[in-house]
Every structure is written in structure tokens, then in C-alpha cells.
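The analysis underlying the following values was restricted to heavy atoms, covering all of them including side chains, and did not include hydrogens, waters or symmetry mates. Here is the naming used below: chain letters follow the sequence lines, and residue numbers restart at 1 for every chain. Note that this is a predicted model, so its numbers are computed, not measured.
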Amino acid sequence: MSQELPSQYNPKEVEEKWFDLWAKTPLLHAEADPKKKPFTIVIPPPNVTGILHMGHALNNTIQDILIRTRRMQGKEALWMPGTDHAGIATQNVVERKIAKEGLKRHDLGRDEFLKRVWQWKEEHGSTIIHQLKRMGATCDWQRERFTMDEGYSKSVVEVFVRLYDKGLIYRGDYIINWCPRCQTALSDEEAPHRDLDGKLYYIKYPLKKTEDGRQKTEDGKTKKQKNIKTDYTDYIVVATTRPETMLGDTAVAVNPTDKRYKHLIGETIILPLMEREIKIIADHLVDKKFGTGAVKVTPAHDPNDYQMGKTHNLEFINIMHPDGVLNENAGDYAQMDRFEAREAIIEDLKERKLLLKIDEHKHAVGHCYRCHTIVEPYLSKQWFVKMKPLSKPAIKAVKSGEIKFYLKRWTKVYLNWMENIKDWCISRQIWWGHRLPVWYCQDCKAVLVSRVTPEKCACGSTKLEQDLDVLDTWFSSWLWPFATFGWPFLEKQSMDHGPWTMDKQKQELSYFYPTSVLVTAPEIIFFWVARMIMAGLEFMEEIPFHDVYIHGTVRDEEGKKMSKSLGNSIDPLDIIAQYGADALRFSLIAIAASGSDIFLSTERFQQGRNFANKIWNASRFIMMNLKDGVTGENIDQKTLKVQDIWVLSALNDAIKKVTKSIDTFKFNEAVNSVYEFFWHKFCDWYVEIAKDSIGDKNTQEVLLHVLKRSLLLLSPFMPFITDEISSKLPGKTNETIAIANWPVPNKAFENKAAVCAMELVFACVFALRNRRAELNLLPQVPLHVRLSTPEKKKKAAESVVSLIKHLANVAELDVTTLKEAVPNALSSLVDKDVHLDLLLEGLVDPEKEKARLDKQVADLVKQLRSKEVMLANKEFVKKAPQAVVEKEKERTVELKNTIGRLKEVRNAFK
RNA sequence: GGGCGCGUAGCUCAGUUGGUUAGAGUACUUCCUUGACAUGGAAGGGGUCACAGGUUCAAGUCCUGUCGCGCCCACCA
């Protein structure tokens with residue numbers, strides 16, 4: 001006995017009870033079945049400071065569709081959730097919080113500050129997890145991990161020590177990306193370049209007079225320097241976008257092949273403002289074509305110049321404090337902010353007539369990905385991972401096809417990065433994160449890298465101090481696929497999802513690893529995907545996943561990336577509140593074609609809401625008509641009607657299509673197939689037809705049968721509403737359909753004849769509705785109709801008479817095999833040799849109808865001609881596939897028949 | 001500078017390895033409110049598939065070029 005659905009679909013009411021239940025339901029078997037191939041996904045750990053945005057919503061919906069489908073298909077489907085500690089972001093959040101109390105982190109001290117961060121994490125860190133649950137994500141929540149968990153941290157330390165021992169981690173002074181606001185080093189990936197409208201300043205650097213008081217002169221100028229009028233007698237002109245760095249210049253460089261400057265190489269220059277003597281050097285790094293061909297060299301503040309500084313043994317002068325304020329090396333400009341100093345220096349140069357000109361100049365400048373401050377190339381002592389050795393197997397894994405990207409084009413992006421990989425700066429000058437497992441002996445200056453806190457140095461000293469830096473968050477994230485299982489199992493870890501033993505954890509890891517698929521956004525390829533592949537191959541000696549599905553970036557209507565900072569985001573939580581999580585999920589997936597970017601506006605979600613409403617009401621209608629004992633599983637095959645077979649066969653098609661589309665990561669196709677089937681086939685046609693025999697038990701069986709399977713097919717996309725409805729259907733077997741069985745096509749229901757017969761019904765009903773509209777006949781007006789068909793189709797036609805009568809309000813319908821046209825009737829071709837004549841005495845203007853028919857005939861003749869031309873083409877007949885040619889021939893015959901028939905009808909009008 | 005993607009209906013986009021008359025959602029027009037659903041039903045209008053060449057019996061689909069838009073990477077200071 002089925003329960004009733006409330007007459008109004010209320011997403012909020014429906015959804016709120018389900019995520020708790022899913023979270024409580026064991027989604028995995030207690031013991032992994034070694035015979036069953038698992039399906040594993042690890043969730044891209046969202047930033048612990050994060051709140052759900054559309055990107056997350058899309059990402060999680062896709063993963064949830066995959067995991068739900070595979071789970072229903074009987075796989076051991078594990079979805080490992082969690083969050084990463086997001087070092088810089090989280091620290092920033094907490095710093096902002098204590099700033100409200102008028103405090104800075106140094107006021108609190110490291111320990112106290114970290115306490116505050118943990119406190120914040122306890123209070124707010126699970127926000128995003130709750131939001132993911134609210135979206136319906138069926139993760140194995142009891143396995144939730146955090147990159148700062150005790151056990152996970154041990155993996156991080158283990159990895160650091162192993163890489164260090166292997167010589168793949170080193171420490172050194174290099175130019176790195178420095179964020180003066182966050183006051184930490186950043187990796188190259190964390191400092192994305194953005195184009196800025198900058199300026200290119202041309203500055204005169206005076207040459208030092210030679211000993212005899214004369215200056216060297218140049219013989220002749222080259223043609224290329226026409227636009228720069230330079231007095232080479234007294235000055236060399238350099239071009240720079242960052243004039244403030246000139247305070248740290250220790251040379252001027254020119255290209256050794258540059259004829260303009262050849263005679264000046266080795267000469268001395270007086271650095272303006274600082275009045276320091278610097279040399280002119282020659283280096284191939286200098287581009288002759290850019291600016292004046294002469295470049296100022298600031299080895300401590302530019303990566304290129306750093307290179308030159310090393311090769312030419314120049315002095316490295318750091319002119320900046322870590323916060324971007326100039327230091328004592330900056331002379332008069334000390335204590336000025338870097339941009340303030342720029343202005344001041346320009347003013348001073350102008351005053352001294354040393355500024356030749358300023359050009360507008362667009363150039364790309366690195367920005368901190370957490371606070372968007374312009375980063376400073378900064379010379380400092382940092383820790384690095386040597387990447388080349390790690391990248392080699394990672395390149396191979398993708399090239400060999402062991403790991404596949406969807407879409408394929410991302411492979412190139414990955415390989416390009418991997419093949420040009422640079423060493424990874426992993427130390428961060430912040431407090432929140434994994435402290436480097438490095439100690440320095442205060443006595444003998446030895447460096448100790450250790451898994452546990454060392455007690456004393458080899459020299460016997462106990463004065464050991466741990467490195468103050470912490471590791472890049474991604475240095476922990478890249479271990480996610482195996483560290484979340486407890487790797488490296490050094491000791492029994494406290495995992496809160498059961499009475500785990502180390503052995504069992506090891507078993508689990510070897511069962512679930514490598515994982516099946518990774519779903520993420522394109523910008524994460526370098527940060528995470530590439531590094532996970534390297535880590536997996538290095539530490540597990542196996543790839544971490546087989547497939548990488550890259551989905552699109554969610555953008556607003558103007559094509560901008562949706563982000564909080566731009567203020568253009570549509571909040572998924574608002575959409576959930578307004579339309580429901582099912583509508584959100586449905587619409588997101590329907591829009592998101594394989595990997596293309598997604599443009600969003602609120603209206604898009606109405607489609608999802610409307611569909612949910614349709615599902616609700618159709619289900620309600622079916623349920624309110626069910627007799628006791630109807631289960632949807634006891635269809636009597638012998639009494640199936642044409643329409644029953646047709647809908648069951650269409651259901652088979654839908655099952656096949658949806659399953660295949662999900663297998664090939666074409667989620668929009670999947671969702672459109674099930675939408676099309678449910679709404680436009682099942683509801684629009686079958687349910688309408690079924691109303692005529694709604695009292696029959698078998699009709700009810702079919703209705704329920706199709707409904708149940710439709711709900712299963714829909715459940716990965718719209719889990720809440722489908723589970724709610726299923727739970728109220730008779731004969732349900734599971735607590736939740738999240739663990740029900742995925743539907744499979746039933747061959748018994750495949751029947752071509754029935755499908756053809758139904759197509760005739762559609763064509764007839766369609767033609768008649770059309771006529772009604774043309775003739776302004778209300779649906780209530782009964783029609784008289786004759787169907788002319790060849791002998792062989794007569795039986796099929798007769799089998800659907802009652803359907804046509806019912807659907808098009810036809811009072812009389814004769815099926816004949818007569819070929820001649822009916823006078824005073826409107827004829828429609830409804831199949832290639834089946835005509836439908838609508839008898840209409842006096843209801844139609846013969847002249848008008850004649851004209852209409854003439855036009856129709858003319859159109860068809862045109863079509864026929866072009867077909868004839870095509871078929872006369874020998875090449876076509878020879879080369880085209882047989883089926884195509886046959887179809888064209890059939891079509892020609894069809895056209896000829898129709899034309900003849902229409903002419904007859906036309907002439908029958910008196 | 002290099003790489004990638006996109007130009008299809010008013011709008012947002014689908015369109016499988018080339019093969020009948022190019023589809024959907026939305027918007028628009030007309031009609032339909034007696035019990036599943038107006039968050040609905042029926043019918044309709046609307047496309048030179050950016051442009052120009054080429055390959056082919058056949059091109060929205062493949063190739064080349066042009067124009068427009070977008071993204072990513074890069075040490076032209």
C-alpha cells in the first residue's frame with residue numbers, strides 16, 4: 001500500500017530529512033569484498049576556511065553522481081571526504097579575527113596563536129562539510145580526514161624525511177615569490193600573473209668620466225634606435241618597470257653582440273641617487289630589442305638579474321624589509337613603502353633630469369593567490385623540492401595512457417607543465433601548518449632532519465632549534481589519496497571509523513588504491529593533480545588514480561569567473577533555499593557540457609525546480625491510483641498493450657543511454673536523456689494514455705514499474721526528491737535508494753512492432769492537433785477520420801485505433817486499404833504510405849485548401865528533384881554506405897506517392 | 001611570445017566516428033483552467049551553423065586562412 005504525497009512539492013521539507021539518513025547509512029560493506037572491484041574517489045579537499053560556492057557545488061554533484069551510480073551498480077564505492085588546513089588562508093582569517101581585538105599574531109606568540117587557529121577550526125572548520133552534506137553528497141563521512149590530523153601529519157613528515165634523505169629536498173638562497181602582506185614565500189603556482197597597465201621608465205645612468213677627463217664616444221648609431229634619442233656620450237639609458245629596485249642595482253647589462261654598446265662593456269657607471277659605481281657587463285640574457293637594449297641589474301630583486309648576479313659575481317643588495325618597506329640599504333628612501341618609493345624616485349630623477357621618458361607598458365605581474373597583493377621577487381633562504389626526478393615517471397604515466405584526462409586536451413596542459421617543471425618552494429613563513437622536521441644545532445650548526453624530535457646533535461650538543469617555517473599546504477595535499485588511509489602505518493592510528501588495526505588499514509589501502517577517478521577544476525591541475533601523480537608514483541610506486549575528469553569553471557553571465565572577491569557569485573545556498581538542492585544539482589549538470597565553462601544565471605535553476613515539481617506530481621498521480629498489491633514487479637506480459645510495450649522499451653533505451661553517458665563522463669547527456677524520457681515520453685504520452693485504463697491492474701503495474709526505475713535513474717542527479725518518493729512507494733526494499741540496485745534494460749520489453757505502432761499514433765495525433773489549431777477547432781469537437789493504409793500495415797493500424805480516438809478526441813475512425821483519396825477531406829501523410837483523412841464537410845474553404853495543397857506539392861516536387869539528382873550521381877551510389885543510399889531511395893518513393901496522393905486530394909475538391 | 005578553447009534560434013547552449021528535414025532549455029505568439037502538475041498542457045514563429053577557400057558523392061562536423069571573443073602558461077627588464 002503506498003502512502004500519499006502531499007499535494008505541494010516543498011523541497012525544503014523533502015530534503016531536510018535525507019542527508020542525515022544518508023550520513024548514517026553504511027554505504028560500504030563492513031568488510032571490503034576482495035572479489036568486487038572497488039570504485040574509489042577522493043574528494044578534492046576543500047579549503048577549511050571555505051564556504052560552498054558554485055564551483056564546489058558542481059564539483060561535488062559530479063562526484064556524487066559517479067559514486068551513487070557505481071554504488072548502485074554494486075561496486076564497493078568509497079568516497080573519502082575531508083578538508084585541507086589551507087595554511088595561508090586560515091592564518092589570514094584568524095589574524096583578521098584577532099585584529100578586531102586589536103591584536104597581531106606576534107602579540108599572542110606562536111603557541112597561543114595556534115591555539116586560536118585550532119579553536120577557529122573547531123568552530124568553523126566543518127561549515128563546508130555541512131554544506132556538502134546539504135547538497136546531498138554521499139561521502140563516507142565517518143572517514144572524514146583533515147590534513148593536520150595527527151596521523152596525516154606523520155605522513156607529511158615521513159615524506160619530507162624520505163625526500164631529504166634521497167637528496168630531493170634542499171635549502172638555499174634563491175629569488176622566490178614573496179607576498180609582502182602575508183609575509184611568506186609562495187610557490188610559482190601560488191603567484192599567478194595578471195596583466196597590468198604599467199609604465200616603462202627610461203632612466204639615464206651617467207657614465208663615469210675616464211681618467212683623462214674625456215668620455216668614450218660611439219662611432220655611428222644603428223638604424224634600430226630611431227625612436228629613442230639617446231645621448232650616448234654621457235649616459236646609458238636603461239628601461240625598467242620597477243624603478244624603485246634601482247637602489248639595489250649592482251650592474252648594467254647589455255647584449256655582447258649589441259654594436260651600440262660594445263665599446264662601453266667594462267666601463268663604469270655612477271648609479272643615480274645612490275651614487276654607487278657599477279660596471280657595464282655583457283650577458284646573452286639581455287634582449288637587444290627591448291627598451292634600449294641596456295638593462296639595470298638588481299640581483300636581489302629579479303630572477304633574471306639573480307642569474308646574472310651569479311654568473312658575473314655581482315653584489316646582492318637587498319633593499320627591502322619583508323613587509324615591502326625599503327630598508328637601510330635604500331639610503332634616503334628607507335622606511336618608504338615600495339610603491340611610495342617608486343613615486344619618490346621618479347620625482348627625484350625628474351628633478352635631476354635623469355628621467356628620459358615614460359611609456360605606457362602592459363605587463364604581467366605576479367599576485368598572491370590568497371590576498372591578491374602584488375608579489376615581490378625576493379631573495380631569501382627557503383626549502384625546495386627537486387622536481388625533475390619526480391616528474392619523469394609522472395610524465396610516463398600520462399603518456400602511456402595509464403592515467404587519462406577527460407577531456408583529452410588537458411593532457412597537453414599537464415605535460416607542458418610537467419616537462420618544464422621547476423623546483424618547488426615548500427617553506428612558508430607562517431605559523432599554521434606542518435612545521436618542517438628540521439632542527440639546527442646551535443653549537444656546530446649541523447642540520448638535522450628527523451621523523452621525531454631529536455634529543456641531541458652528533459656533536460653532543462642538546463641546543464637544537466627547530467626550523468620556524470611550515471610547509472606549503474599542497475605539500476600535505478599531494479599525499480591525500482594514500483595518507484588518508486593511514487599511510488605509512490608507522491603506528492596504529494586513531495581513526496574514528498571503526499576498530500581499525502594497522503593490518504586492516506593496510507588492506508584497505510591496497511584494496512582502494514589506486515583510486516578510480518579524480519574530479520576537479522582546471523586551475524587545480526598544477527597545484528594538486530600533477531603533484532598527486534608524482535607523490536603516488538614516488539611513495540606508493542603506483543598511480544593515484546586512473547581517470548582525471550576536469551570540469552569547467554563556473555562563470556557569471558558576463559563570463560567572469562565567479563568568486564566572492566568579485567562579488568558576482570550566485571550563492572548555491574540561496575539557490576537551495578529558493579529552489580532546492582535537487583534543482584541546483586539538476587540545473588548545474590544540465591548546463592555543464594563535458595568540460596566547457598559554465599555561465600550561470602538564477603533563471604537556469606527554475607528548469608530544475610520545474611522538473612522536480614513534475615516528478616512530484618506525476619508520482620503523486622500514479623500513487624493515488626494504485627490498488628493494493630501492485631508492486632511494479634509483476635507485469636503480466638500476456639496482457640501488455642502496445643503503449644505498455646512502447647513505454648517499457650523507451651525505458652530500456654533511457655537506461656542504456658544514461659548508463660553509457662555516465663560511463664563516458666557526459667553528465668549533461670545523461671541528465672538530458674532521463675529528463676526527456678521522464679517528462680516527454682512517460683508523462684506527456686504514457687501517463688496521458690494510461691488515464692484511459694487507469695483502473696486496470698496491469699496498467700498500474702506498468703506505471704509503477706516505470707516510475708520506480710525512473711526514480712532510480714534520476715537518483716544520482718536528484719537524490720532527495722527521488723528518495724522521498726521511493727520511500728513512500730509500495731514494496732520498497734531499502735531504507736534509501738542510495739543503496740538500491742541500478743536499473744538494467746529488460747530485453748523482454750524490446751519490441752519494434754510496438755514502437756512502430758506507437759509512432760503511427762504520435763503522427764496521427766500530431767496531425768489532428770495540428771488541424772485543430774489550423775481550423776480553430778476546440779478539443780471538445782469530435783472528429784471523423786479515415787486511415788488509409790496498405791494491407792500489410794492494416795493490423796498494426798487497427799491495434800491503435802482506440803489510442804488515437806482517445807488522444808485526439810476522434811469519434812469515428814475507419815481503417816481501410818482504399819487507395820483513392822477522400823473528397824472534401826484534409827489529408828495528412830502520417831507514415832510513408834499511410835494517409836490520414838479528416839472528413840470535414842463544409843468546415844473548410846475549398847479554394848484555400850487547394851492553394852495550400854498546391855504549395856505543398858510544389859515543395860515536395862522540389863525535394864524530389866534534389867533526391868533524384870543525388871541518386872543519379874554515380875559516385876554517390878558507389879561510395880556512400882548502402883544504408884544511406886537505400887534510405888534516399890525509399891524517401892524518393894515516399895515523396896512520389898505523397899505527391900500523387902496530394903494531387904488527387906486537390907482535384908477531388910469541387 | 002607560446003599553448004588551448006569558443007563563434008549554431010532573441011538569450012544560454014547541445015550536436016557522438018562526416019550521412020534523411022540541424023536540436024534543447026528559456027523568451028516570444030495563439031489556444032486550453034471540470035481533479036497529477038499553470039512550477040501545467042497543445043500548436044506555432046524564429047537558424048546563410050562567424051567569414052573565405054579547400055578535401056569529399058556528401059561538411060555545422062575534417063583541413064587552411066581571416067575576423068571576433070575568452071582562458072592558461074612565460075624571467076621582454
Side-chain angles (χ1 to χ4, degrees), chain A residues 5 7-9 175 188 192-193 200-201 238-242 245 253 285-292 294-298 302-307 361 363-364 377 407 409-410 412-413 416-417 420 522-523 525-526 553 555 557 559-561 579 583 587 590-601 603-604 606-625 661 664 666 668-669 672 675-676 680 683-684 687-688 691 765-766 769-774 776 778-780 863 867 870 873-881 883-885 887-888 890-891:
Chain A
L5 287 181
S7 62
Q8 202 65 35
Y9 162 58
I175 296 260
D188 294 339
H193 286 67
L200 189 60
Y201 303 89
V238 299
T240 180
T241 53
R242 296 191 299 150
T245 62
L285 279 175
V286 180
D287 180 354
K288 284 191 274 189
K289 286 185 230 100
F290 188 86
T292 59
V295 57
K296 56 192 270 316
V297 182
T298 323
D302 183 279
N304 257 334
D305 297 3
Y306 175 82
Q307 272 306 318
H361 181 68
H363 63 142
L407 299 171
R409 67 165 181 264
W410 296 110
K412 220 174 157 180
V413 175
N416 185 47
W417 184 81
N420 298 297
E523 59 263 31
I525 294 176
F526 308 138
T553 307
R555 299 173 190 283
E557 284 161 288
K560 298 224 174 65
K561 187 173 157 184
Y579 301 114
S587 293
I591 299 161
S594 356
S596 65
D597 285 355
I598 296 143
F599 296 82
L600 272 189
S601 67
E603 292 140 39
R604 313 279 329 202
Q606 284 171 12
Q607 189 194 351
R609 190 265 320 257
N610 292 356
F611 185 42
N613 188 58
K614 188 74 181 179
I615 297 169
W616 186 264
N617 281 299
S619 305
R620 198 163 72 90
F621 173 72
I622 292 166
M623 285 157 75
M624 66 174 55
N625 282 293
S661 301
T664 50
K666 292 176 181 170
N668 63 323
E669 258 181 39
N672 285 334
Y675 174 90
E676 160 71 19
H680 296 307
C683 292
D684 284 355
V687 174
E688 284 311 310
K691 282 178 181 172
V765 172
F766 185 73
R769 282 177 182 164
N770 226 312
R771 294 302 188 199
R772 278 187 193 277
E774 270 173 40
N776 270 327
L778 290 178
Q780 296 88 312
Q863 267 187 44
K867 297 277 172 209
M870 194 184 226
N873 184 332
K874 280 178 195 161
E875 296 283 320
F876 169 69
V877 178
K878 209 166 73 190
K879 291 185 184 169
V884 175
V885 178
K887 269 181 189 168
E888 289 300 326
E890 266 177 41
R891 177 84 181 133

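- The salt bridge (charged side-chain N to carboxylate O under 4.0 Å, His left out) check on Arg620(A) picks up nothing, with sequence neighbours excluded.
- For Ala253(A), the side chain to side chain contact (heavy atoms under 4.5 Å, CB included) partners at least two apart in sequence or on another chain are Ile281(A), Val286(A), Val295(A), Val297(A), Met308(A).
- Scanning for side chain to side chain contact (heavy atoms under 4.5 Å, CB included) contacts around Leu200(A) gives Tyr202(A), Ala239(A), Thr241(A), Phe290(A), Asp359(A), His361(A), with sequence neighbours left out.
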Quick one: which protein N/O atoms are closer than 3.5 Å to N/O atoms of nucleotides 42-48 of chain B? Pair and distance per line, please.
from: G44(B); atom 1: OP1; to: Asn770(A); atom 2: ND2; distance (Å): 3.1

Nucleotide N/O of nucleotides 8-11 of chain B paired with protein N/O under 3.5 Å:
none

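- In this structure Arg609(A) satisfies the side chain to side chain contact (heavy atoms under 4.5 Å, CB included) test together with Tyr579(A), Ala583(A), Gln606(A), sequence neighbours excluded.
- Under the rule for a side chain to side chain contact (heavy atoms under 4.5 Å, CB included), the partners of Ala364(A) that lie at least two apart in sequence or sit in another chain are His193(A), Asp195(A).
- Lys614(A) pairs by the salt bridge (charged side-chain N to carboxylate O under 4.0 Å, His left out) definition with nothing, not counting sequence neighbours.
- Whole-Å rounding puts the Arg242(A) CZ to C76(B) P distance at 12 Å.
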Kindly give the atom pairs (protein nitrogen or oxygen, nucleotide nitrogen or oxygen) under 3.5 Å for nucleotides 73-75 of chain B.
from: C75(B); atom 1: OP1; to: Lys422(A); atom 2: NZ; distance (Å): 2.7
from: C75(B); atom 1: O2'; to: Asn304(A); atom 2: ND2; distance (Å): 3.1
from: C75(B); atom 1: O2; to: Asn304(A); atom 2: OD1; distance (Å): 2.5
from: C75(B); atom 1: O2; to: Asn304(A); atom 2: ND2; distance (Å): 2.5

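- Closest approach to the Phe290(A) side chain among A77(B), U39(B), A36(B) is made by A77(B) (side chain taken as heavy atoms from C-beta onward).
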**Message:** Dot-bracket for RNA chain B, please. Rules: Watson-Crick or G-U, both distances under 3.5 Å, ( ) within the strand, [ ] when a pair crosses earlier ones, | for another strand, . otherwise.
**Reply:** (((((((..((((.....[...)))).(((((.......))))).....(((((..]....))))))))))))....
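- Partners of Lys691(A) by salt bridge (charged side-chain N to carboxylate O under 4.0 Å, His left out), not counting sequence neighbours, listed by chain and number: Glu688(A).
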Protein N or O to nucleotides 54-57 of chain B N or O, pairs below 3.5 Å:
from: C57(B); atom 1: OP1; to: Glu875(A); atom 2: OE1; distance (Å): 3.3
from: C57(B); atom 1: OP1; to: Lys879(A); atom 2: NZ; distance (Å): 2.3
from: C57(B); atom 1: O2'; to: Asn873(A); atom 2: ND2; distance (Å): 3.1

